[in-house]
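To keep things clear, I will list the structure first and then write my remarks on it.
Just so it is clear, the values below take in all heavy atoms, side chains as well, and ignore hydrogens, waters and symmetry mates. Remember, it's 1-based here, ligands and their atoms both numbered in the order they're listed.
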Amino acid sequence: MRIVMIGTGYVGLVSGACFADFGHEVVCVDKDQSKIDALLNGEIPIFEPGLDELVAKNVAAGRLSFTLDLAEALPGTDAVFIAVGTPSRRGDGHADLSYVYAAAREMAPLLPDGVVVVDKSTVPVGTGDEVERIIREEAPELSFSVASNPEFLREGAAIDDFKRPDRVVIGVNDAHAESVLEEIYRPLTRNESPLVSMSRRGAELTKYAANAFLATKIGFINEIADLCEKVGADVRDVSKGIGLDSRIGNRFLMPGPGYGGSCFPKDTLALLKTGQDYESPLRIVESVVASNDQRKRGMGRKVINALGGGDLHGKTVAVLGLTFKANTDDMRDSPAISVVQALQDAGIEVKAYDPEGMEQAKKVLSNVTYCEGPYEAMDGADALVIVTEWDTFRALDLDRVKGLLKDLIFVDLRNLYSRSDVEGTGFKYIGVGR
Ligand SMILES: NC(=O)c1ccc[n+]([C@@H]2O[C@H](COP(=O)([O-])OP(=O)(O)OC[C@H]3O[C@@H](n4cnc5c(N)ncnc54)[C@H](O)[C@@H]3O)[C@@H](O)[C@H]2O)c1
């Protein structure tokens, strides 16, 4: 199959490279000249484990290429995937669909007959109808289908998720689109990954329902963690005790500083907006969003309280981890942003280190001293706070940490450490829900 991928970000580049690895011929298109230049030079513009090898292998095999030029990419293509951003629209939280609609309008006059336009971006119910209307308006004679194929990959494990998904959801309103998508995903269904076929609107809503449900699980365990702190229980016991119940499942039951990233915050807001538009309130999701917003900032207060509160001007905190989770360089809506800003608002100096996220962090967090490694960040600081669960922070040399910190305050927002180990070295240990 010949496939064109519009947008070579986290989703487009991974999906394009994986489709090429299945044996399809893939052209990735982006508007961002610097991204395409980097890719043409063999550089990967984002950090995603394994992606550099996968891209290099498929470029070398002649199955994967990159261009800025839609007119060069589109002739003869069987399917065009739209994988552009759908950020929150300023003001009302609705998904900003301007990139999706612009892509549809730009491609329409260049599309070959019989093409299937597949929306892979996360888009509200009814977006496929509008994409279809736009293409028909721009190319009235064209025969084409519009399908939905929401993406469920996670940054940091994106290639594995794409190649071994729990399921592939396709939303199709005609048999031609269904057969083209079945053919594209055939290599996966051979691995027994189920292909779940439904209406286009059903697929669009499935993506939001999945993200809202996962966000709810995180929000739920975070509130249970708060209760554990009050009643003297350990949330890790509770997580295990409920997670072993197969009706509940043990994933997404780790408490922490609140969810962030490029998906959950914007997708929960967009789902709420859809609920309002259709007069179908989503009270549970509303509570999850409010709870998470409070939590992110609240984690800054947790560090401030650990420092004893009061006037904290002149104090310094070492922040380990800035990205919204480990194994990505993505800073979008990272809880670290709220934590750092809360500390700075209290007059505290912040020294920070992240293995991959510092370039992105510099664009959103100012007045931070960015360090070369975790120990440099701790040197002379009054407290240490682990915000992101990078593997490299899991086995810090506690004796060395002790020699570097002025006050022995260890705040572990990811519960990476055992209290007895840390307290045994002489620190005051503050975890989450313990
Ligand atoms: N990042 C994730 O983990 C993830 C997971 C599942 C779904 N999604 C969804 O996938 C979509 C893409 O997310 P992302 O994180 O890959 O975004 P991204 O911002 O990393 O990449 C989007 C890319 O699209 C390009 N672009 C925008 N308009 C274009 C146009 N008209 N023509 C060509 N290129 C264009 C941009 O330059 C950018 O490179 C979003 O809807 C997101 O919600 C993301």
Ring pair (Phe, Tyr, Trp, His ring centres under 6.0 Å) contacts in which one or both residues fall within residues 317-336, not counting sequence neighbours: none

Heavy-atom check, side chain of Glu130 versus side chain of Val100, under 4.5 Å: no

Residue pair Asp96 / Ser98, side-chain donor-acceptor N/O under 3.5 Å: yes

Check ligand 1 for close polar pairs with the protein: N or O on both sides, less than 3.5 Å.
from: ligand 1; atom 1: 1 (N); to: Glu155; atom 2: OE2; distance (Å): 2.8
from: ligand 1; atom 1: 1 (N); to: Ser262; atom 2: OG; distance (Å): 3.2
from: ligand 1; atom 1: 3 (O); to: Glu155; atom 2: OE2; distance (Å): 3.3
from: ligand 1; atom 1: 15 (O); to: Arg332; atom 2: NH2; distance (Å): 3.0
from: ligand 1; atom 1: 16 (O); to: Tyr10; atom 2: N; distance (Å): 3.0
from: ligand 1; atom 1: 16 (O); to: Val11; atom 2: N; distance (Å): 2.8
from: ligand 1; atom 1: 20 (O); to: Tyr10; atom 2: N; distance (Å): 3.3
from: ligand 1; atom 1: 31 (N); to: Glu106; atom 2: OE1; distance (Å): 3.2
from: ligand 1; atom 1: 34 (N); to: Lys31; atom 2: N; distance (Å): 3.3
from: ligand 1; atom 1: 37 (O); to: Asp30; atom 2: OD1; distance (Å): 2.6
from: ligand 1; atom 1: 39 (O); to: Asp30; atom 2: OD1; distance (Å): 3.4
from: ligand 1; atom 1: 39 (O); to: Asp30; atom 2: OD2; distance (Å): 2.6
from: ligand 1; atom 1: 39 (O); to: Lys35; atom 2: NZ; distance (Å): 2.7
from: ligand 1; atom 1: 41 (O); to: Thr86; atom 2: OG1; distance (Å): 2.5
from: ligand 1; atom 1: 41 (O); to: Thr122; atom 2: N; distance (Å): 2.9
from: ligand 1; atom 1: 43 (O); to: Thr122; atom 2: OG1; distance (Å): 3.4
from: ligand 1; atom 1: 43 (O); to: Lys266; atom 2: NZ; distance (Å): 2.6

side-chain contact (heavy atoms from CB on, under 4.5 Å) involving Ala270 - partner list, sequence neighbours excluded: Ala95, Tyr208

Partners passing ring-ring contact (aromatic ring centres under 6.0 Å, His included) against Phe81 (at least two apart in sequence or in another chain): Phe19

Glu204 and Thr127: side chain donor to acceptor below 3.5 Å: no

